[in-house]
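Following: one structure in structure tokens, then a few remarks.
Lettering of chains follows the sequences in order, A, B, ..., and the numbering in each one begins at 1.
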There are 2 protein chains.
Amino acid sequence: MDVGEPLVPAATVARLPLYLRSLEQLGEDDVATVSSSRLAELAGVNAAKLRKDLSHLGSYGTRGVGYQVPNLAAQIRYELGLDEVSPVVVIGLGNLGQALANHAGFGDRGFPIVALVDVDPAKVGTRIGSMTVAHLDDLARIVTAHDVQTAIIATPVGAAQAVCDQAIEAGIVSVLNFAPTVLQVPEGVALRPVDLALELQILTYYRPRVGRRDENVRLLG
Amino acid sequence: MDVGEPLVPAATVARLPLYLRSLEQLGEDDVATVSSSRLAELAGVNAAKLRKDLSHLGSYGTRGVGYQVPNLAAQIRYELGLDEVSPVVVIGLGNLGQALANHAGFGDRGFPIVALVDVDPAKVGTRIGSMTVAHLDDLARIVTAHDVQTAIIATPVGAAQAVCDQAIEAGIVSVLNFAPTVLQVPEGVALRPVDLALELQILTYYRPRVGRRDENVRLLG
DNA sequence: ACGACTTTGTGAGCCAGTTCACAAAGGTTG
DNA sequence: CAACCTTTGTGAACTGGCTCACAAAGTCGT
């Protein structure tokens, strides 16, 4: 477990930010150390799973005591690549895009939004929050100027693939897609889809309903 | 595979809305029938997996032809419980909450937002889109009046658990949580967390980086 | 009516991820 | 300093989900 570089399983990677979130909350309360069982409780996962997850990043807790809160947080940040700030561009400024542009949660957690882009002439040039909307054609210039690697796509479905292609062409290597459609990206580009209505649809299945087996009604990852 | 009621695996349930989305797109183009391989391609999954998923809902395709598009869509809708419209209330009208309130994607897909709720006196009484913001204290009344079962929580972290408890008290049985914190809900209430910054953090791990193993750079569910 | 072709539905094997349970490691106390 | 207590790190068993591959079922052209 430390040959070359240990490979972290996808399921673990998806949970590391969750642990980090809890650790940051603990840090704000000046808690110096935390046990796996307590941290697992905060993160809403099983303690054994948490320990196994942490073992993948070669983390050192102290037996009998637990983990150093700031220490472990730093290790997770390093592993995820969060040790430096990642500027983000938002593409598509409909309702959702505008909200995401204003959403403080991104900047607070290391993803400042540094540019906004759209194609609609009615939107280009207007100000949203403290930024001016640029035209999609300027994307390549913006990406280079701000060294942006991450794009949030919030365009209509019809435009999403073309916009995505253009963003990758401009140098984007990491895409968070809010358009409810499947995007194709070349090898070497990271993509994550987020479909808000789809989440509600999943919830609906688990919502208790009459005349249906409802044993499996519970919370889910 | 049809004794009593077949139980659908969680992984399958999470994909059904994805299939439905593709089917609805096909339907708009008046495509009558689709093969598993084509549908799988559209949904971005493996064809065998798609067929196994559909087999869980006892769906009948025709060998040599494929699936009837409207038919299969209806079956998935039924299985998920989407055969009737589910009104939703948004709680917490900061930046994100306001955007979600205006987001057309919910109403379009069967989840009309029928009420907005906040505690801030500066917000209560103001209009957002076509709705007036009500006070959190009115939640129980609203839930009963509109027969709302689903709440979207978009409050700050500090308020989220209390608000969630209150919503459940008021009769909510299905919660989509945008506050970046773990919520506890009683048995019988369905909960799904959505943490937008967390998605970016996961992306960051898979984004190609120098001086790091980067073999596993690809798209992920 | 029959043969060629397409595509489904699924058994079997496989792989990843989860849980269990415990030995080893460190701290702490008398 | 030794016995005790807590908590980690992990091997081993297990579970669920994924993929493969193919027989069965159906269509379509002739």
Selection from D:dC20, C:dG17, D:dT10 that lies nearest to any side-chain heavy atom of A:S55 =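 My answer, after comparing the listed nucleotides, is D:dT10.
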Which of these passes side chain to side chain contact (heavy atoms under 4.5 Å, CB included) with A:Y205: B:L16, B:L82, B:V8?
->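 Single pass found, and it is B:V8.
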For atom [atom1] of [X] and atom [atom2] of [N], their distance in whole Å:
| X | N | atom1 | atom2 | result |
| --- | --- | --- | --- | --- |
| B:L72 | C:dG9 | CG | C1' | 14 Å |
| B:L50 | D:dG17 | CG | P | 16 Å |
| B:L54 | C:dG9 | CG | C1' | 10 Å |
| B:H56 | C:dT10 | NE2 | C1' | 10 Å |
| B:L7 | D:dG16 | CG | C1' | 13 Å |
| A:K49 | D:dT15 | NZ | C1' | 12 Å |
| A:R15 | C:dG17 | CZ | P | 9 Å |
| A:N46 | C:dG17 | CG | P | 16 Å |

Under the side chain to side chain donor-acceptor pair (under 3.5 Å) rule, collect the residues that match up with A:D195, sequence neighbours excluded.
->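 Result, side chain to side chain donor-acceptor pair (under 3.5 Å) vs A:D195: B:R21, B:R109.
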Does B:Q75 have any side chain to side chain donor-acceptor pair (under 3.5 Å) partners at least two apart in sequence or in another chain, and if so, which?
->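 In terms of side chain to side chain donor-acceptor pair (under 3.5 Å), with neighbours along the sequence ignored, B:Q75 is linked to no residue.
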Nearest 0.5 Å, what's the CZ-OH distance between B:R51 and B:Y67?
->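 Interatomic distance, B:R51 CZ to B:Y67 OH, rounded to 0.5 Å: 6.5 Å.
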Nearest 0.5 Å please: distance from the OG1 atom of B:T33 over to the CG atom of B:N71.
->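 Atom-to-atom, B:T33:OG1 and B:N71:CG are 10.0 Å apart.
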Salt-bridge criterion met for A:E24 and A:R77 (N-O under 4.0 Å) |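 Yes, A:E24 and A:R77 are salt-bridged.
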Can you name the ring pair (Phe, Tyr, Trp, His ring centres under 6.0 Å) partners of A:Y19, sequence neighbours left out?
->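 Applying ring pair (Phe, Tyr, Trp, His ring centres under 6.0 Å) to A:Y19 gives none.
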Presence of B:K52 side-chain N/O under 4.0 Å of C:dT10 phosphate oxygens OP1/OP2 =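 No, no such contact exists.
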Which residue pairs satisfy the side chain to side chain donor-acceptor pair (under 3.5 Å) criterion with at least one member in residues 163-177 of chain A, sequence neighbours excluded?
->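 Qualifying pairs, neighbours excluded: A:Q161-A:D165.
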Could you run through nucleotides 2-7 of chain D and give me one letter per nucleotide, 5' to 3': B if any protein heavy atom sits under 4.0 Å from the base, S if only the sugar-phosphate is that close, - if neither?
-> ----BB
Per the end-axis method with five pairs at each terminus, what is the bend angle of the helix from C:dA1-D:dT30 to C:dG30-D:dC1, to 10°?
->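 Axis-to-axis angle, ends of the helix: 20°.
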Would a 4.5 Å heavy-atom cut-off, applied to side chains only, mark A:I172 and A:V89 as touching?
->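 Result yes, sub-4.5 Å side-chain heavy-atom pair found.
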